[in-house]
Amino acid sequence: MPDPTPRRLLVTSALPYANGPIHIGHLVEYLQTDIWVRFQKLRGNRCVYVCADDTHGTAIMIRARQEGRTEADLIAAIKQEHESDFADFQIEFDNYGSTHSPENERLCGELWAKIRAAGLVTEKNVEQLFDPQAGTFLADRFVRGTCPQCGATDQPGDNCSSCGAAYTPAELIHPRSTLSGATPEVRSAPHEFIALEKLHGFLREWVDTSGALQNEIANYLKGHFLGSKDKPLELRDWDVSRPAPYFGFEIPDSPGNYWYVWFDAPIGYIASTQQWCDKQGESLDDWWRSDACEIHHFLGKDITYFHTLFWPGMLKTAGLSLPTKVHIHGFLTVDGEKMSKSKGTLVNARTYLNHLDPQPLRYYYASKLSSRVDDFDLTLDDFVTKVNTDLVGKVVNLASRSAKFVEKTGLSAKYPDDGGLFAAGAAAATEIAAAYERTDYSQAMRLIMALADRANPFVEENKPWALRKDLSQADRVQDICTIALNLFRQIAIYLAPVLPRLAEQTGALLGEPITRWDQSQTPLVGTPVNKFQHLMQRVEPEKVQAMMEESLAESVDKKAPAETPATAGNDALTAALAKYNDGPEPLTAEPLAEECVFDDFLKVDLRVARVVEANHVEGADKLLQLTLSLGGGVTRNVFAGIKKAYPPEELVGRLVMYVANLAPRKMKFGISTGMVAASGPGGEEVFLLSPDEGAKPGQRVH
RNA sequence: GGCCCGGUAGCUCAGUCGGUUAGAGCAGGGGACUCAUAAUCCCUUGGUCGGGGGUUCGAGUCCCUCCCGGGCUACCA
């Protein structure tokens, strides 16, 4: 049952920022959207899914600078990563663009002109901190200093994490730029503002009556920004420009000023549509200036503000279509906690893919997502059991237990009496479709699994494996498997938006591709059945474990270099570091080794040992021969390359660090058993390690 | 502090307009089966629906209040 008249739908996901990789939190949104888009296409609707990288702003500019490359270079590389991550998660965009595109620049200019013509633009001077060393204005988060209220040091530029006071970065005592460590100065520059308050009436009307927003979102907007009807709040002017230098588009009628990233980002939706239109020979007006086209935005609750006030305001002023629906989702937690880099729970898409197939995550998210703004939890144990039980145990099992019995005969010519199972499944299509339509995927998944729960007992009761032994029952076996496979196929169709690969494989198995929702209404009969192949692998807990470990390892790797500039933020630490002024050469010469686990460390048996003899070695330039005591009369013979740094007589009696279980090594002058630990590049610069007073020979170091 | 969302079985969650003995899946226990990726099927244990009060013939559901968790926001509603 397709919709009576095909709808035209333009669908967007929020634009990921070109400053980092896609992680499993982002994926909630792209998977939610992709499932919806696939559902719409399966239903026969005309649906176009556009997205783009969000590339502008100070953060990108700074990062490019730090990495010594151009912004264009940086954002091109990130875009490639993003696109391959999405593709490998089976997220299919009709167009994936960039906000740094000619189409976007042109459209920004067009919208800007309309907004200016409507009299909404005002100019005001803004005092902002300027980093004289980096030569750039500083966003609040690039400034840290001492809280003017409570005196806590190293606080962010907008509010104090200690006492909660709110202030401007200019009010900080001892402010410092986190970019250069320099003391910023206050500079004044003209900024362009959009007077949103002039659209107050329109926005209130839209929030109240358009039906585009979830209830809780409408409440939130009224509570925080619009105010109640009898007690309206004033909408603040929106600062939409940034002075140079800024990576973005220069405002044509305000030279030296650039559009703020949040001005050009949503316009990126239109620009991406434009690119798609150009490729398809379509007209942009049919998508952005047509009542016949629905516009659906999917985004996270963190950016509600931009998409539900500014964006409709901009669209309205520019004479473009308003969003039909803004689908706002909550955040992902992992094992009940906020995702955290340091805990490794903020798993990158690529890290996931290194260990697991995308379909389990697609299904798991679907089974948890509703049309509400609630957060939901990725419970790792639950993830494993749910996916394995539902998809492998129930759904795929239907095919895998019946397909091979009909490999030779194919499906029965006529659909047999199944006691109404297929018809009941067909009837469920309406309810399942309605759940998908309102993005209540968890409900859809429950309804679909209920079908699988009815199909398996059918196979159980009819025992094709037993009947098969009786040749006279061959037709009956074929009938039973025809039913089982059709029930399976019906489920695969319903799951196709979530599990596109399974749908493809099902199409291949039964010789008819799954392309339309209404294929669920008619059983397949009289067609051959291909050789059955595994349709899905179960999720092994060990792989999930390995993924989490890799994720944790990544977060540790990245932390070390990132912390170097970040120390500029901490007064006491900065002072301490300055006092000792240790240079970077040793670390540079020999970077930190790959992480190992404690068990790895334990493999090395480090012991305290006493040097009881130390002798020159005849004919050796660098070596001394040492006899080490581990106490209790246990001694070891070691050749150590420390001759140029230590005269033997100075060594006798002292304690050293001894690598006790190193495999003995035959040398020109004898066998060396283990080694003495020392640092330094070698030659005269060798520094033996010794334990503090009190250590005893033979003690293990750990 | 304000606002919003939650609290239902060990876990993850359904529960329509207030309507009979509160449901599912997983986990636990017992059994069956052996076609299927140790998959499947049948039976089964388990809940003062966060506490208290109220409205009602009847409350998981509506109202008040308190407690707990999460989110947003911040001296402004």
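What you see is a predicted model, and the numbers here were worked out from it, not measured in a lab. Naming convention: chains lettered A, B, ... in sequence-line order (proteins, then strands); numbering from 1 in each chain.
- By the neighbour-count criterion of 12 heavy atoms within 6.0 Å, atom CD of A:Glu216 is densely surrounded, having more than that number from other residues, nucleotides or ligands.
- Contacts of A:Thr12 classified as side chain to side chain contact (heavy atoms under 4.5 Å, CB included), with partners at least two apart in sequence or in another chain: A:Val50, A:Tyr269, A:His297.
- The side chain of A:Arg446 contributes no N or O atom lying less than 4.0 Å from OP1 or OP2 of B:G23.
- The distance from atom CG of A:Asp382 to atom P of B:C26 is 12 Å, rounded to the nearest whole Å.
- Between the side chain of A:Thr304 and the backbone N or O of A:Lys301 there is at least one donor-acceptor pair closer than 3.5 Å.
- Taking atom C1' in both B:C75 and B:G18, the straight-line distance is 41 Å, to the nearest Å.
- Base pairing analysis places B:G60 opposite nothing; no Watson-Crick or G-U wobble pair with both distances below 3.5 Å involves it.
- Spacing between atom CG of A:Asp377 and atom C1' of B:G69 amounts to 13 Å, rounded to whole angstrom units.
- In summary, of the residues considered (A:Tyr305, A:Phe306, A:Trp238), a ring pair (Phe, Tyr, Trp, His ring centres under 6.0 Å) with A:Phe225 occurs for A:Tyr305 alone.
- Judged by Watson-Crick or G-U wobble contacts below 3.5 Å, the nucleotide B:G1 has B:U73 as its partner.
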| query | Can you list the steps and then say if A:Asp470 with A:Arg476 is a salt bridge (Lys or Arg N to Asp or Glu O under 4.0 Å)? | reply | CA-CA 10 Å; A:Asp470 180 352; A:Arg476 181 65 190 142; over 6 Å; no
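- Using C1' as the reference atom, B:G19 and B:G2 are 38 Å apart when rounded to the nearest Å.
- Separation of the P atoms belonging to B:A59 and B:A22 is 13 Å when rounded to the nearest angstrom.
- Side-chain polar atoms of A:Gln490 and A:Gln519 form no donor-acceptor pair below 3.5 angstrom.
- For B:C49, there is no paired nucleotide, since no Watson-Crick or G-U wobble pair has both relevant distances below 3.5 Å.
- The P atoms of B:G70 and B:U65 are separated by 23 Å, rounded to the nearest whole Å.
- B:C41 is paired with B:G31 under the Watson-Crick or G-U wobble criterion, all donor-acceptor distances under 3.5 Å.
- Distance, A:Asp453 CG to B:A24 C1': 9 Å, rounded to whole Å.
- If you find the closest nucleotide of RNA chain B to A:Asp375 and to A:Arg372, the one lying nearer the 5' end belongs to A:Arg372.
- Regarding A:Leu226, its CG atom lies at a distance of 15 Å from the C1' atom of B:C3, rounded to whole Å.
- A:Asp390 and A:Tyr363 form a side-chain donor-acceptor contact under 3.5 Å, judged by distance and modelled atom types alone.
- B:U61 and B:C72: their P atoms are spaced 29 Å apart (whole Å).
- If you take atom C1' in B:G51 and the same atom in B:C68, they sit 10 Å apart, rounded to whole Å.
- Taking the six-membered ring where the residue is Trp, A:Trp517 and A:Tyr436 present perpendicular rings, their angle passing 60° and hence far from 30°.
- Remark: the separation of the C1' atoms in B:U55 and B:A77 is 32 Å, to the nearest Å.
- Residue order along RNA chain B, read from the 5' end via each residue's closest nucleotide, puts A:Tyr220 first among A:Tyr220 and A:Leu233.
- Put simply, CG on A:Asp374 is 15 Å from P on B:G70, counting in whole angstrom units.
- Separating the CZ atom of A:Phe225 from the C1' atom of B:C4 is a distance of 13 Å, rounded to the nearest angstrom.
- Look at the C1' atom in both B:U12 and B:A38: the space between them is 24 Å, to the nearest Å.
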| note | Per-nucleotide protein contact along nucleotides 31-40 of chain B, 5' to 3', at a 4.0 Å heavy-atom cut-off (B base, S sugar-phosphate only, - neither), is --SSBBB-SB
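- For A:Leu235 and B:C76, the CG to P distance is 18 Å, given to the nearest whole Å.
- Remark: C1' of B:A27 and CG of A:Asp390 are 14 Å apart, rounded to the nearest angstrom.
- The side chain of A:Glu216 lies closest to B:C4 when the candidates are B:C13, B:C4, B:G25.
- A:Tyr415 and A:Asp479 share no donor-acceptor pair across their side chains, judged by distance under 3.5 Å alone.
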